[in-house]
Structure formats: C-alpha cells, structure tokens
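Every heavy atom of this structure was used, including side-chain atoms; hydrogens, water molecules and symmetry mates were not.
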Amino acid sequence: RFSDEVVHRIAPNDEILLMMNTYKGWFYVIITTIMLNILIGIFVNKVELTEKKLHESYEELSLVNEELDAYVQQLTASEKELRANYDIVNESEEKYKNLVNEMHQGLAIYEAVINEKYEYVDYRFLYANKSHEQITGSKNEEISGKSIFEIFPSIESNIIKKFAEV
C-alpha cells in the first residue's frame with residue numbers, strides 16, 4: 001500500500017503510472033527471488049553441514065561398533081575358556097572330594113578364630129570327611145559352624161596354642 005501511494009503521487013499520468021507499477025512489480029519479484037535464493041542457499045548449506053556431521057558420526061559409530069564387535073568376540077572367547085577351565089576345576093574338585101571322603105584317615109577342616117591381639121583363641125568347624133565322622137561320632141550337619149569348645153567341651157584351652165603351631 002505504501003509503495004502504491006508513493007507511485008501515485010509521483011506519476012504525472014496513467015501511462016507513467018502503469019510503467020512505474022510494472023517496474024515496481026519486477027523489482028519486487030527480483031528482490032524476492034534474491035532473498036529466497038539467499039535463504040535457500042543458507043538452508044542448503046545447513047543441510048550439507050548436517051549431512052557431513054551425520055556422516056562423520058556414522059563413521060565414528062562404525063569404528064566404535066567394530067571395536068565393540070572385537071570386544072564381544074574376546075569376551076566370547078574368554079567365556080569359552082572360562083567354561084572349559086571351570087569344567088576342569090569341577091572335575092578336579094570332584095576327584096579331590098572323593099579322595100578326601102574315601103580315605104581312611106580322619107580329616108577335619110577348621111577356621112582359626114583370632115582376637116584383637118592377633119592371637120588364636122578358638123577354631124570353627126567347617127568340614128570333615130566320613131572317617132572323621134566315624135572316629136569322633138560327630139556328624140558334619142551337627143557341628144558345622146560350631147567352635148572347637150562347643151564340639152569338644154572338655155578340651156583344654158592350651159590346645160589352641162598347639163594347633164596354632166601346626
């Protein structure tokens with residue numbers, strides 16, 4: 001509207017008014033085209049920059065993915081090795097248990113109880129083989145976790161020091 005009023009005031013007649021409106025229209029179209037080209041160029045540059053960053057991110061992710069794949073393969077290999085070792089240890093443990101349980105000598109495993117002065121004051125029963133059960137008459141289930149004084153109430157306290165020496 002403003003531009004129409006300006007053109008009407010400075011045009012002396014209808015022929016010049018028509019010509020000025022035509023030039024004004026072309027000027028508007030040219031300016032609008034230039035502005036749109038600039039905006040589209042800016043937009044295209046942003047899209048290209050974003051695509052470049054996206055491509056770089058994809059490359060980084062691909063490298064990280066390759067590293068993760070290698071790590072997973074290492075973990076899988078380690079897991080297989082651990083499972084094989086676990087089976088070997090279980091087999092060895094089973095042989096050891098059978099050996100200990102079937103031997104004729106009595107065997108008991110105790111845990112030392114130490115006071116604040118780092119002196120041995122008691123022993124806690126953990127496990128015994130079948131021969132120990134037969135020799136002492138005490139069953140594993142009955143004495144498990146108990147102290148030596150609870151299992152053998154008549155034992156002398158100086159025997160603890162002798163056990164510590166062994």
Side-chain angles (χ1 to χ4, degrees), residues 1-102 107-129 139-148 150 160 163-164 166:
R1 287 193 172 242
F2 175 74
S3 62
D4 288 339
E5 286 183 31
V6 170
V7 169
H8 271 65
R9 289 193 180 183
I10 58 172
N13 59 39
D14 288 342
E15 189 178 310
I16 292 179
L17 178 64
L18 180 63
M19 186 176 71
M20 287 179 78
N21 276 332
T22 303
Y23 289 142
K24 182 182 79 157
W26 279 108
F27 180 73
Y28 175 78
V29 169
I30 291 170
I31 294 298
T32 302
T33 302
I34 291 170
M35 288 176 61
L36 282 174
N37 272 337
I38 291 171
L39 289 174
I40 289 171
I42 290 171
F43 179 73
V44 167
N45 284 339
K46 285 183 179 181
V47 168
E48 287 173 351
L49 182 62
T50 302
E51 284 179 344
K52 181 180 176 184
K53 287 180 181 178
L54 184 62
H55 181 72
E56 290 171 357
S57 295
Y58 177 79
E59 293 296 321
E60 287 178 31
L61 284 174
S62 293
L63 290 173
V64 169
N65 192 36
E66 288 175 15
E67 290 175 12
L68 284 174
D69 283 343
Y71 184 66
V72 166
Q73 289 174 357
Q74 287 175 344
L75 285 177
T76 302
S78 293
E79 179 188 16
K80 288 178 184 177
E81 183 181 342
L82 282 173
R83 286 185 188 275
N85 289 339
Y86 181 77
D87 291 342
I88 291 169
V89 167
N90 277 343
E91 185 179 320
S92 177
E93 181 181 6
E94 192 62 35
K95 286 178 184 178
Y96 169 77
K97 280 183 181 179
N98 288 335
L99 176 67
V100 168
N101 281 328
E102 300 303 322
L107 174 73
I109 300 174
Y110 291 86
E111 173 183 52
V113 178
I114 300 172
N115 67 10
E116 61 278 348
K117 296 178 185 176
Y118 300 103
E119 299 171 329
Y120 294 94
V121 293
D122 199 354
Y123 286 90
R124 187 174 303 107
F125 175 81
L126 299 176
Y127 172 80
N129 67 359
K139 299 284 183 200
N140 273 337
E141 302 83 32
E142 298 169 357
I143 60 175
S144 182
K146 292 184 178 179
S147 79
I148 199 165
E150 292 173 306
I160 300 298
F163 281 168
V166 176

Nearest heavy-atom pair of [X] and [Y]: which atoms, and what distance?
X    : Y    : result
I160 : Y120 : CG2-O, 3.3 Å
S147 : D122 : CB-OD2, 2.8 Å
K24  : S3   : NZ-OG, 3.3 Å

May I ask you to test the I34-I38 pair for a side-chain heavy-atom distance under 4.5 Å?
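Contact flag for I34/I38 side chains = yes.
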Would you list the atom pairs, donor with acceptor, under 3.5 Å between side chains in residues 44-67 and any protein atom, with sequence neighbours excluded?
{"from": "N45", "atom 1": "ND2", "to": "G41", "atom 2": "O", "distance (Å)": "3.4"}
{"from": "T50", "atom 1": "OG1", "to": "K46", "atom 2": "O", "distance (Å)": "2.7"}
{"from": "S57", "atom 1": "OG", "to": "K53", "atom 2": "O", "distance (Å)": "3.0"}
{"from": "S62", "atom 1": "OG", "to": "Y58", "atom 2": "O", "distance (Å)": "2.9"}

Out of curiosity, [X] [atom1] to [Y] [atom2], how far, rounded to the nearest 0.5 Å?
X    : Y    : atom1 : atom2 : result
E150 : E142 : CD    : CD    : 13.5 Å
L82  : D87  : CG    : CG    : 11.0 Å
I16  : N21  : CD1   : CG    : 12.0 Å
L17  : T22  : CG    : OG1   : 9.0 Å
I114 : Y118 : CD1   : OH    : 9.0 Å
Y96  : N101 : OH    : CG    : 9.5 Å

Report the C-alpha separation of V72 and T76 in whole Å, then their side-chain angles, then the decisive distance to 0.1 Å, and conclude whether the side-chain contact (heavy atoms from CB on, under 4.5 Å) test is met.
CA-CA 6 Å; V72 166; T76 302; 4.1 Å; yes
Would the number of heavy atoms belonging to other residues, nucleotides or ligands and lying under 6.0 Å from CG of N13 be above 12?
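For N13, atom CG is crowded (more than 12 foreign heavy atoms under 6.0 Å).
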Does N129 use its side chain to pair, donor to acceptor, with the backbone of V100 at less than 3.5 Å?
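Confirmed, N129 side chain pairs with V100 backbone.
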Taking Y127's backbone N and O only, do any of them form a donor-acceptor pair with N140's side chain (distance below 3.5 Å, no angle check)?
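No.
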Only counting residues at least two apart or in another chain, list the ones meeting salt bridge (Lys or Arg N to Asp or Glu O under 4.0 Å) with R9.
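Salt bridge (Lys or Arg N to Asp or Glu O under 4.0 Å) check on R9 returns nothing, list empty.
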Can you name the residues that form a salt bridge (Lys or Arg N to Asp or Glu O under 4.0 Å) with E119, not counting sequence neighbours?
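Once residues adjacent in sequence are excluded, E119 has no partner under the salt bridge (Lys or Arg N to Asp or Glu O under 4.0 Å) criterion.
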Applying ring pair (Phe, Tyr, Trp, His ring centres under 6.0 Å), can you list everything that pairs with Y110, at least two apart in sequence or on another chain?
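Testing Y110 for ring pair (Phe, Tyr, Trp, His ring centres under 6.0 Å), a comparison that skips the adjacent residues, returns F125.
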Which residues pass the side-chain contact (heavy atoms from CB on, under 4.5 Å) test with M19, sequence neighbours left out?
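Partners of M19 by the side-chain contact (heavy atoms from CB on, under 4.5 Å) criterion, ordered by chain and then number, come out as Y23.
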Apply side-chain contact (heavy atoms from CB on, under 4.5 Å) to N85 and list each qualifying residue two or more places apart in sequence or on a separate chain.
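N85: side-chain contact (heavy atoms from CB on, under 4.5 Å) contacts with E81, I88.
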How far apart are the C-alpha atoms of K95 and N98, what are their side-chain angles, what is the distance that settles it, and do they pass the side-chain contact (heavy atoms from CB on, under 4.5 Å) test?
CA-CA 5 Å; K95 286 178 184 178; N98 288 335; 5.8 Å; no
